[in-house]
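Remember, it's a predicted structure, so these values are computed and weren't measured experimentally.
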Amino acid sequence: WSRFLLAALVSPRMVGLRMDLSVLLEPLGFVKVLEWVLAIFAFATCGGFQGETALLVSCNDVVNKTIIAAFAYPFRLNTVAFSAPDPKGCGGTWTGAYLTGDFSSSAHFFVTLAALVFFYCIAALVVYIGYNHVYQENNKFPLTDLAISVLTAFLWLVSTFVWAKALPDIKESTGASIIPGIESCKAPGTTCHFLSVTSMGVLNVSVVFGLVNMILWAGNVWLVYKDTNLHNQWNRISDSP
């Protein structure tokens with residue numbers, strides 16, 4: 001679609017720029033602005049997350065030492081290591097301890113879609129505001145917009161479902177259940193207690209934004225459909241005796 005849009009923008013028919021901001025007050029333009037804003041929120045709430053898991057460790061001469069494992073997007077937790085309780089590594093009993101799980105594919109899918117939607121909304125708004133007359137006259141634009149809207153609504157549904165499924169696993173892989181899987185905590189004279197983990201409420205919000213985006217794009221399908229000749233043909237068939 002990007003090649004088609006670029007070719008259309010540089011065609012002779014698109015040379016006549018006619019700025020019309022009133023399009024933003026109409027449902028088609030207003031919804032596109034909402035989609036643009038919500039794509040930013042979905043991107044920021046997931047892609048901008050940073051957190052850490054903290055444990056309280058006692059071993060040999062080290063008492064109640066706090067160790068942390070800092071993690072962030074794209075949530076490749078299996079590459080995140082805990083800091084050693086002391087420079088000597090508990091007298092040699094402490095080896096590298098890592099979180100478990102790689103959830104980067106789910107996170108990348110969600111965030112990449114949000115980024116692509118962000119750029120598409122900008123391109124669509126340029127056409128709506130500057131070349132609305134061409135958009136209305138050339139049915140290829142509404143049809144292309146319709147196809148992209150249907151595809152985007154579907155991708156929001158899939159990516160949000162995949163991300164929502166991965167989120168509980170991320171919480172489990174950074175919560176208190178990780179202690180039994182840390183071999184260093186099983187060493188004689190070593191005790192580990194779960195201390196805290198960064199709240200992931202913002203990641204829950206990202207799932208909500210994904211659902212809202214899906215609903216908004218599904219509604220946008222109808223708005224774009226009304227501008228295509230498919231809708232006009234259906235009206236003529238319905239009105240015919």
Side-chain angles (χ1 to χ4, degrees), residues 1-2 24 27-55 68-82 98-126 128 145 148-178 194-224:
W1 62 264
S2 59
L24 299 179
L28 189 64
F30 181 72
V31 168
K32 192 62 65 180
V33 173
L34 287 180
E35 292 169 345
W36 178 67
V37 173
L38 288 174
I40 296 175
F41 286 155
F43 179 91
T45 50
C46 179
F49 181 83
Q50 293 183 339
E52 62 180 32
T53 296
L55 302 180
I68 62 172
F71 59 94
Y73 171 85
F75 305 100
R76 292 191 180 94
L77 302 183
N78 56 344
T79 64
V80 177
F82 282 98
Y98 289 81
L99 296 175
T100 59
D102 183 356
F103 307 95
S104 58
S105 59
S106 300
H108 276 146
F109 185 13
F110 186 82
V111 170
T112 300
L113 176 62
L116 292 176
V117 168
F118 169 82
F119 289 113
Y120 174 72
C121 287
I122 293 178
L125 286 172
V126 169
Y128 290 171
D145 201 6
I148 293 175
S149 296
V150 172
L151 177 62
T152 304
F154 174 74
L155 290 177
W156 273 122
L157 173 63
V158 175
S159 65
T160 302
F161 174 79
V162 171
W163 173 234
K165 186 176 182 299
L167 187 52
D169 295 333
I170 294 175
K171 294 178 179 179
E172 183 177 357
S173 298
T174 56
S177 60
I178 64 176
F194 180 76
L195 190 59
S196 65
V197 62
T198 303
S199 173
M200 299 186 191
V202 67
L203 296 182
N204 295 333
V205 174
S206 70
V207 174
V208 175
F209 278 129
L211 292 174
V212 174
N213 272 293
M214 184 270 295
I215 295 172
L216 195 60
W217 277 91
N220 186 66
V221 170
W222 169 249
L223 295 176
V224 178

Q) At what distance, to the nearest 0.5 angstrom, does CH2 of W217 lie from SG of C121? A) 4.5 Å
Q. Are the side chain of T45 and the backbone N or O of A42 linked by a donor-acceptor pair below 3.5 Å?
A. yes
Q. Does Y120 reach the side chain of K32, with side-chain heavy atoms less than 4.5 Å apart?
A. yes
Q) Does the side chain of Q50 reach to within under 4.5 Å of the side chain of T198, using non-hydrogen atoms? A) no
(Q) How about CZ on F161, more than 12 heavy atoms from neighbouring residues, nucleotides or ligands closer than 6.0 Å, or not? (A) no
Q: Mind listing the closest non-hydrogen atom pair of V80 and A69 along with its distance?
A: CG1-CB, 3.7 Å
**Q.** Interatomic spacing from CG in D169 to CG in D102 - rounded to 0.5 Å
**A.** 12.0 Å
Q.
Could you check whether any side-chain heavy atom of T112 comes within less than 4.5 Å of a side-chain heavy atom of L116, counting everything from C-beta outward?
A. yes
Q) Roughly how far, to the nearest 0.5 Å, is CG of L99 from CD of E52? A) 11.5 Å
Q.
A side-chain contact here means heavy atoms from C-beta on lying under 4.5 Å apart; do M200 and F49 qualify?
A. yes
(Q) Can you confirm if the aromatic rings of W156 and F110 lie within a centre distance of less than 6.0 Å? (A) yes
Q) Taking all non-hydrogen atoms of both residues, which atom of Y98 and which atom of A81 are closest, and how far apart? A) CE2-CB, 3.5 Å
Q: Just do the side-chain contact (heavy atoms from CB on, under 4.5 Å) check on F71 and V197 with the steps written out, would you?
A: CA-CA 10 Å; F71 59 94; V197 62; 4.2 Å; yes
**Q.** Beyond-backbone contact of W36 with F118, side-chain heavy atoms, under 4.5 angstrom
**A.** yes
Q.
If you apply the rule side-chain contact (heavy atoms from CB on, under 4.5 Å), what do you find for H108 with Y73, and how did you get there?
A. CA-CA 9 Å; H108 276 146; Y73 171 85; 2.8 Å; yes
Q) Any idea which heavy atoms bring L113 and S159 closest together, and the distance? A) CD2-OG, 3.3 Å
Q.
Could you report the tightest heavy-atom contact between F75 and A107, atom names first, then the distance?
A. CD1-CB, 3.9 Å
Q) Are more than 12 heavy atoms from other residues, nucleotides or ligands located less than 6.0 Å from atom NZ of K171? A) yes
Q) Are more than 12 heavy atoms from other residues, nucleotides or ligands located less than 6.0 Å from atom CZ of F41? A) no
Q: Kindly compute the distance separating CG (L155) from OG1 (T160), expressed to the nearest 0.5 Å.
A: 10.0 Å
Q: Could you pull out the closest heavy-atom pair between P168 and A164, with the gap in Å?
A: CD-O, 2.9 Å
Q. So, for F209 and W163, is the gap between ring centers shorter than 6.0 Å?
A. no
Q: With rounding to the nearest 0.5 Å, note down the distance linking CG in L125 to CG in L28.
A: 9.0 Å
Q) Can you find a pair of side-chain heavy atoms, one from N204 and one from L167, that are under 4.5 Å apart? A) yes
Q | Shortest non-hydrogen contact from G29 toward Y128 | A | CA-CD1, 4.2 Å
(Q) Within the supplied structure, the quantity of interest is the number of heavy atoms (other residues, nucleotides, ligands) at a distance under 6.0 Å from F194 CZ; does it exceed 12? (A) yes
**Q.** Check: T100 and L77 side chains under 4.5 Å, non-hydrogen atoms
**A.** no
Q) Where the side chain of T152 meets the backbone of S149, is there a donor-acceptor pair that is under 3.5 Å apart? A) no
(Q) Return the CG to CD1 distance between N220 and I148, rounded to the nearest 0.5 Å. (A) 11.0 Å
(Q) For the backbone of T174 and the side chain of T53, can you confirm whether one donor and one acceptor N or O come within less than 3.5 Å of each other? (A) yes
